[in-house]
Structures are given as structure tokens and as C-alpha cells.
Amino acid sequence: MRPQGNLRTAAEALVDQLVVNDVQHVFCVPGESYLAVLDAFHDRDIAVTVCRQEGGAAMMAEAVGKATGRPGVCFVTRGPGATNASPGIHIAQQDSSPMILFIGQVGRDQKEREAFQEVDYRAMFGGMAKWVVEITDPARMPELVSRAFYEATAGRPGPVVVALPQDVLVERIAAPPAPPFAPVDIAAGAADLARLREMLAGAQRPVMLLGGSRWTAEGCRAIADFATRFDLPVATTFRRAHLFDALHPCYAGDLGIGPNPKLLARVKDADLVLLVGGRLGELPSQGYELIDIPGPQMSFVHVHPGVQELGKVYRPHLAINATPAAFAAAAAGLAPLDRVPWAGAAVAAHEDYLAWSETPTEVPGGVNLGQVMLWLRDTLPADSFVTNGAGNYAGWIHRFYRFRRFATQVAPISGSMGYAVPAAVAMKRLHPDRTVVSINGDGDFLMNGQELATAVQYGLPIIVLVCDNGIYGTIRMHQEREYPGRVSATTLKNPDFAAYARAFGGFGATVAATAEFAPAFRAAQESGLPAILHLKIDPEAITPTATLQGIRAKALAAQGA
Ligand SMILES: Cc1ncc(C[n+]2csc(CCOP(=O)(O)OP(=O)(O)O)c2C)c(N)n1
Ligand SMILES: [Mg+2]
């Protein structure tokens with residue numbers, strides 16, 4: 001749309017506000033409902049990634065929010081576009097990632113008639129988004145878009161939804177841009193820190209657990225300093241392994257699905273748990289069994305940027321409302337204790353972690369995912385991104401891959417399938433110079449595998465592993481536990497995933513034996529193309545330590561008993 005005098009359209013004002021707020025990437029699927037915004041992108045310095053399905057676009061935006069701490073931005077059309085985008089909103093909620101979803105909406109003059117693709121977004125997203133707004137006054141575009149950035153990042157970050165009536169977007173306004181936004185930091189108070197030090201001084205067996213969002217690379221360095229000075233064993237919670245260097249002598253392991261029993265025992269036996277940033281939800285808390293609700297059995301210190309999270313599930317003995325990065329900086333400055341009764345505990349916990357993750361277990365079949373993870377951890381540069389979705393294959397990542405750098409694990413706490421390809425596309429778009437490996441199950445991959453076309457379109461050589469065991473493995477595992485021998489709706493007949501990659505203009509190879517993995521990975525890298533490595537996994541290799549047959553036999557025996 002050509003400018004008229006010095007008036008901008010509301011759509012132009014919107015895009016200008018994104019520029020003011022330093023947005024460099026947006027992810028979208030186009031729609032006629034927001035043509036004026038697409039037109040405004042035409043002349044502005046923002047990289048637009050056009051995707052194949054709104055679920056993929058929304059997950060890309062969420063992944064940007066997760067990895068950068070600044071809102072990831074997604075544009076979709078009304079009705080079907082918005083409903084397709086909903087998984088991204090749910091992930092942003094559960095993963096506490098800042099994200100803004102802009103949705104084209106029917107014109108104001110058509111509202112409340114159930115016009116074509118009309119949806120009430122407040123009702124639809126009310127329970128998932130932090131804030132939902134429909135901008136009905138074009139002049140308020142700068143103000144409300146600015147607020148969306150604050151809402152998405154304030155306290156505990158999350159998704160914001162902004163509906164844009166079509167006729168609002170084309171109106172011309174005189175309102176100037178709002179000033180640039182900056183996320184609001186929350187520092188821990190001196191009294192809280194003094195109390196924390198006192199509690200540590202009285203402890204015998206403390207552990208620190210890390211999770212959540214609002215971390216920075218500096219914050220991670222500071223928390224490592226704090227752990228070193230106080231000799232604290234440190235565990236990361238489900239899918240936040242990148243918050244602490246796996247080879248740091250205080251690292252005790254990953255507290256998620258299928259954790260090291262020795263780590264679980266250590267947390268259960270702790271007399272002080274310091275939880276920084278996370279919520280200790282259902283998965284890291286092992287089904288809410290690890291720590292008593294509402295009154296924890298041990299001294300419990302909870303540090304969280306969202307004041308509403310403190311005391312929501314676990315009543316803390318000390319609640320500290322702070323962003324993890326700010327807390328870490330302050331904690332690193334605490335004077336060390338003269339004597340720590342738990343001296344040596346961190347080193348012992350780290351030895352347990354190394355022993356647990358060092359050597360892959362034996363599994364049935366030609367490809368051992370444990371060996372694959374070992375090769376990746378020994379070969380990939382430390383700043384490589386590893387993305388995944390949901391499925392039992394992820395258990396090998398959590399146990400055997402070693403994250404060394406902040407924000408390199410990009411995976412949903414919400415357990416959403418279909419995440420690994422969009423997240424990889426987003427990371428490669430942001431960081432073309434870094435290696436991006438996307439790890440998927442066979443069920444998982446085909447939920448958003450079509451975004452491989454987006455990788456091809458933008459020349460993004462991501463390397464996608466598809467772990468093909470011919471089943472929705474996680475559900476089959478639960479099925480064998482609960483209904484042994486009664487296989488129902490969990491079997492898959494799969495395509496040739498290597499040929500799928502080639503059909504998209506990418507590189508494809510099939511890996512039927514562990515020894516074939518390294519050469520296939522090298523060939524994928526050398527191709528310079530987005531690549532799929534189709535890994536043939538034996539369905540019996542359902543976890544690093546269990547087979548389907550074994551689970552079935554155990555369940556049948558229990559039924560017979
Ligand atoms: C979007 C979505 N749908 C369904 C589920 C339930 N679910 C969790 S894991 C899983 C199976 C994953 O299968 P696959 O990707 O093949 O991995 P595998 O477990 O076989 O390694 C399903 C269906 C989910 N988590 N997310
Ligand atoms: Mg599978």
C-alpha cells in the first residue's frame with residue numbers, strides 16, 4: 001500500500017512496531033484477512049518465513065521465543081489458520097515461552113454474524129494465552145502491539161494472541177510508533193539471599209534443580225559459579241538440560257522421563273531443594289510423587305519470575321520472586337560457607353551421572369540410538385542445536401546426549417509431537433552458521449514433516465533423523481503395560497523417508513545399522529541440503545532398558561497373579 005501524506009495504515013504501523021521492537025523474523029501462512037500486513041512486509045527489513053501449515057509456523061515462532069527470550073512472532077489467517085496454529089500457543093504456555101500470534105479477523109462490520117471463518121479468539125484462547133486482544137481502534141495499534149510484547153515477556157512468559165479485523169488494518173492513522181520494549185528483569189532481594197545462605201548453612205544434603213525460562217548464557221554461567229562455590233549437586237528438569245554444562249563437575253543429571261534412579265534417590269533424600277526457574281510439573285516431579293504437595297517434606301526454596309507460581313503447587317519455605325538470570329547473578333556473589341557438611345556430594349552425583357550416560361545399553365535391532373547419541377555428542381560442535389518432539393526415541397537423547405551450551409536444547413516441555421522439524425527450521429533461519437539436528441519419531445515426524453519444504457525453500461541444511469520403529473511407540477508401551485497383548489491403533493505403515501526427502505529437493509539416506517550412521521551423517525552435511533536420515537529401529541527397542549515383549553510379559557504375569 002502506497003503512503004498517503006505522512007499517514008500510515010494500521011498494518012504499516014503494526015509492522016513498524018515490530019521493527020521498533022527489534023523483531024528480525026516472522027513466520028506465517030498467508031491469508032486474505034491480513035493482506036495489508038503482508039503488503040507492509042514488502043518494504044521492511046524483517047525476514048518473513050512462509051510455511052506450509054500454521055502448526056509449523058506457530059511452533060517456529062515459539063521456538064524463537066524459547067531460544068532467544070524475546071517474543072517469537074507468527075501471523076495466520078482467521079478460523080482455520082488460527083485453529084491450526086493452536087499447538088504453538090499451547091506449547092508457549094506450558095514451556096513459558098514468549099510468543100505473539102497475530103490473527104487476521106473478519107471486518108468489524110461483519111462481526112457477530114458468524115461471518116466467513118469468524119471466531120471469538122478470547123473464548124478460544126482464553127484458557128491458554130496470557131492475553132488475548134482484538135484491536136478495534138486502528139489508532140491504538142502501536143499502543144496495543146507494544147503491550148503485547150510486555151505481556152508475552154512479563155514475569156512468567158507465555159503466548160499472546162492479537163486479532164486484527166481486516167478493515168482496521170487498512171485504515172490510516174497518525175499515531176507515532178510506541179517506544180521500543182525491553183523485558184522487565186526482577187531481581188532477588190538482599191533479605192531473600194541472606195535467608196537462602198542461612199538455610200544452606202543449616203542443610204546437610206541440598207540439591208539445586210534448574211528449569212523454566214528467562215535464563216541467559218550469562219545467568220547459566222553465574223549459576224554454575226554459585227554451584228561450584230557451594231559444592232551443590234545440580235540437576236536440570238525435563239527438557240532444560242542446556243541450562244547446565246553436562247560435563248561440569250556439579251552436574252547430577254536430567255530429572256525428566258526415565259531419570260537415573262540414583263538421581264531420584266538423591267533428590268528424595270535431600271533436606272533442602274532449591275528449585276530455580278522451573279515449576280516442577282508432572283514429568284520432572286515423577287507424577288507429583290517426588291515432593292509432597294502442598295507441604296514439601298524437605299526445606300524447599302523456589303525461585304520463579306512469575307509471582308503467581310510461588311505457592312501454587314508446592315508451599316515454599318522461602319519464595320523468591322526473581323528472573324532466574326538475575327537470581328543467578330546475585331547468588332554467584334554470595335559469600336561461601338566456611339564448611340559444607342555435604343562436601344564431595346556434587347562430585348559423587350556427577351560420577352553417578354557420568355556412569356549413567358557413558359555407555360549405551362544393548363538393544364535389539366541393527367541401529368542402537370544410544371550409540372548414535374554418543375557419536376553426535378562426540379562429533380557435533382558444542383553450540384549445535386538439537387531439537388525433538390515427543391516419543392520414546394527422545395529417551396535416548398535425554399540419557400546419552402550431553403548438552404554443553406545455553407539454549408541448544410529446543411524441545412517441548414508440553415510433550416507436543418511434530419515439534420522437531422519446525423524448531424529446527426527456526427533455529428537454522430536464526431543461525432545459518434550453526435549445526436541443527438532435528439530428532440523425530442516416525443509418528444512424530446509426519447505431524448509437521450511438510451516443513452521440510454520450508455527448509456528447502458530457504459536453503460536451510462538441517463539434518464533430520466527419523467527414528468522409524470513402525471509404531472506410536474510411547475502409546476504402544478503404555479498399551480502393553482495396561483492392556484498387554486491387545487495392540488490397538490498404535491501400528492504405522494510408513495513411507496520411505498529418504499525418498500520423501502529427495503522428493504522435496506533434499507538429501508535422503510537410509511540407516512539400517514549403527515555403523516552406517518556416521519557416513520550417512522557426513523554425506524548429509526556434505527550435500528549442503530536439508531537432509532533426512534531414515535533410521536530403521538527395532539520396535540522391540542522401546543526404551544534403553546526395556547523391550548515390548550518384556551513389558552507385556554511382566555504385565556501378563558501381574559494380571560495372572
Ligand atoms: C500432538 C500429539 N498427539 C499425540 C500425542 C500422544 N503421544 C505421545 S508420544 C506418542 C507416540 C510417538 O510415536 P513416535 O513419534 O513414532 O515415537 P516413538 O514413541 O515410537 O519413539 C503419541 C501418539 C502427543 N504427545 N502429541
Ligand atoms: Mg515410532
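Residue numbers count from 1 along this sequence. Read the numbers this way: they start at 1 and go in the same order the structure lists the ligands and their atoms. Just the heavy atoms: all of them, side chains too, but no hydrogens, waters or symmetry mates, feed the values below.
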Novice: Within this structure, what is the CD1-CG distance for the pair Ile532 and Leu465, rounded to the nearest 0.5 Å?
Specialist: 10.0 Å
Novice: Does the shortest distance from the Mg ion (ligand 2) to an N/O/S atom of Asn469 fall below 2.8 Å?
Specialist: yes
Novice: Which atoms of ligand 1 have any heavy atom of Tyr393 under 4.0 Å away?
Specialist: 17 (O), 21 (O)
Novice: For the 3.5 Å polar cut-off, considering only N or O atoms, please tell me whether Ile471 and ligand 1 meet it.
Specialist: yes
Novice: For ring-ring contact (aromatic ring centres under 6.0 Å, His included), just list the numbers for His350 and Tyr251, CA-CA rounded to whole Å, side-chain angles, deciding distance to a tenth of an Å, and then say yes or no.
Specialist: CA-CA 5 Å; His350 187 56; Tyr251 189 54; 7.0 Å; no
Novice: For Tyr472 and ligand 1, does the shortest N/O to N/O distance drop below 3.5 Å?
Specialist: no
Novice: Counting non-hydrogen protein atoms only, what is the nearest one to atom 16 (O) of ligand 1? Give residue, atom name and distance.
Specialist: Asp442 OD1, 2.4 Å
Novice: For ligand 1, which atoms, with element, lie under 4.0 Å from some heavy atom of Asn469?
Specialist: 18 (P), 20 (O), 21 (O)
Novice: Is the His398 to Phe238 ring centre distance short of 6.0 Å?
Specialist: yes
Novice: Can you list the atoms of ligand 1 that are under 4.0 Å from a heavy atom of Asp444?
Specialist: 14 (P), 15 (O)
Novice: Mind checking whether the Mg ion (ligand 2) has an N, O or S of Ile471 under 2.8 Å?
Specialist: yes
Novice: Only one of Asp444, Asp442, Thr543, Asn440 passes side chain to side chain donor-acceptor pair (under 3.5 Å) with Tyr393; say which it is.
Specialist: Asp444
Novice: Which of the numbered atoms in ligand 1 are under 4.0 angstrom from any heavy atom belonging to Ala390?
Specialist: 12 (C), 15 (O)
Novice: Closer than 2.8 Å to the Mg ion (ligand 2): does that hold for any N, O or S atom in Asp442?
Specialist: yes
Novice: Parallel, tilted or perpendicular: which fits the ring planes of Tyr401 and Phe403, with parallel below 30° and perpendicular above 60°?
Specialist: perpendicular
Novice: Would you mind listing which atoms of ligand 1 come within a distance below 4.0 Å of any non-hydrogen atom of Asn392?
Specialist: 18 (P), 19 (O), 21 (O)
Novice: What atoms of ligand 1 come closer than 4.0 angstrom to any heavy atom of Gly443?
Specialist: 14 (P), 15 (O), 16 (O)
Novice: Under 3.5 Å, is there a donor-acceptor pair between the Asn368 and Thr514 side chains?
Specialist: no
Novice: Under a 3.5 Å distance rule, please check whether Gln409 uses its side chain to pair with a backbone N or O of Arg240 as donor and acceptor.
Specialist: yes
Novice: At a 4.0 Å threshold, what atoms of ligand 1 neighbour a non-hydrogen atom of Gly473?
Specialist: 13 (O), 18 (P), 19 (O), 20 (O)
Novice: Can you pull out the closest protein heavy atom to atom 8 (C) of ligand 1? Residue, atom name and distance to 0.1 Å, please.
Specialist: Ile475 CD1, 3.9 Å
Novice: Determine, considering heavy atoms only, which of His90, Met447, Met417, His478 sits nearest to atom 24 (C) of ligand 1.
Specialist: Met417
Novice: Is the positively charged end of Arg377 above the ring of Phe400, judged by distance under 6.0 angstrom from the centroid and angle within 45° of the axis?
Specialist: no
Novice: Is the ring pair His302/His304 parallel, tilted or perpendicular, if the boundaries are 30 and 60 degrees?
Specialist: perpendicular
Novice: Just say parallel, tilted or perpendicular for the rings of Phe445 and Tyr500, cut-offs at 30° and 60°.
Specialist: perpendicular
Novice: At a 4.0 Å threshold, what atoms of ligand 1 neighbour a non-hydrogen atom of Gly415?
Specialist: 24 (C), 25 (N), 26 (N)
